[in-house]
Trainee: 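I'd like to ask you about the structure that follows.
When a residue number appears, it is its place in the shown sequence, counting from 1.
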Amino acid sequence: MQRIEFALDGDYVELNQLLKLVGICDSGGAGKMLVASGDVSVDGKQELRKTCKIRAGQVVTLGDVRIDVRAA
């Protein structure tokens, strides 16, 4: 499993933007499509809300990629 650490500057980042920022997809629109496909999980639960607020301490998974979000 590939692990990515993401340093969160603000209060939160929207899920589709997080996928873009870590390089999983090329745009926020592509991130929305990935979330809509049902392949993205937040803290072990399937997440279908494209602009779900991801905060420090949460874990996002997509296939064999794990994104650990931490405070900057």
Side-chain angles (χ1 to χ4, degrees):
M1 178 172 272
Q2 179 186 0
R3 288 186 83 161
I4 300 171
E5 275 208 15
F6 179 78
L8 183 62
D9 285 333
D11 228 14
Y12 66 89
V13 62
E14 292 179 350
L15 181 55
N16 63 314
Q17 291 298 314
L18 174 66
L19 297 175
K20 179 180 114 177
L21 292 170
V22 298
I24 291 178
C25 55
D26 295 332
S27 68
K32 286 182 181 182
M33 291 177 64
L34 273 175
V35 175
S37 73
D39 293 333
V40 180
S41 295
V42 176
D43 294 335
K45 296 179 185 170
Q46 182 185 47
E47 183 57 70
L48 297 172
R49 296 174 296 163
K50 300 162 189 79
T51 57
C52 170
K53 295 177 181 176
I54 304 299
R55 300 179 191 280
Q58 291 190 292
V59 176
V60 176
T61 53
L62 171 65
D64 65 343
V65 178
R66 173 186 167 121
I67 305 166
D68 294 306
V69 180
R70 62 173 177 80

Trainee: Which atom names give the shortest non-hydrogen contact between Asn16 and Gly28, and what distance separates them?
Mentor: ND2-O, 3.5 Å
Trainee: Applying salt bridge (charged side-chain N to carboxylate O under 4.0 Å, His left out), can you list everything that pairs with Glu14, at least two apart in sequence or on another chain?
Mentor: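 In terms of salt bridge (charged side-chain N to carboxylate O under 4.0 Å, His left out), with neighbours along the sequence ignored, Glu14 is linked to no residue.
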Trainee: Where do Arg70 and Glu5 come nearest, in terms of heavy atoms and distance?
Mentor: NE-OE1, 2.7 Å
Trainee: Quick one: list whatever passes salt bridge (charged side-chain N to carboxylate O under 4.0 Å, His left out) with Asp39, sequence neighbours left out.
Mentor: none
Trainee: NZ of Lys32 to OG of Ser37: how many Å apart, nearest 0.5 Å?
Mentor: 14.5 Å
Trainee: Mind checking who shares a hydrophobic cluster with Leu19, ILVMFWY linked at side-chain heavy-atom distances under 4.5 Å?
Mentor: Ile4, Phe6, Leu8, Val13, Leu15, Leu18, Leu21, Val22, Ile24, Leu34, Val35, Val40, Val42, Ile54, Val60, Leu62, Val65, Ile67, Val69
Trainee: Which is it for Lys45 and Glu47 under the salt bridge (Lys or Arg N to Asp or Glu O under 4.0 Å) test, yes or no, and what are the steps along the way?
Mentor: CA-CA 6 Å; Lys45 296 179 185 170; Glu47 183 57 70; over 6 Å; no
Trainee: Measure the spacing between NZ of Lys50 and CG of Leu48 and express it to the nearest 0.5 Å.
Mentor: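 Output value for this atom pair is 7.5 Å.
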Trainee: Could you report the tightest heavy-atom contact between Ala71 and Ala56, atom names first, then the distance?
Mentor: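 Closest approach of Ala71 to Ala56, heavy atoms only: N-CB, 3.6 Å.
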Trainee: Any donor and acceptor pair, going by atom type alone, linking the side chain of Asp68 with main-chain N or O of Val59 inside 3.5 Å?
Mentor: no
Trainee: CG of Asp64: more than 12 outside heavy atoms within 6.0 angstrom?
Mentor: yes
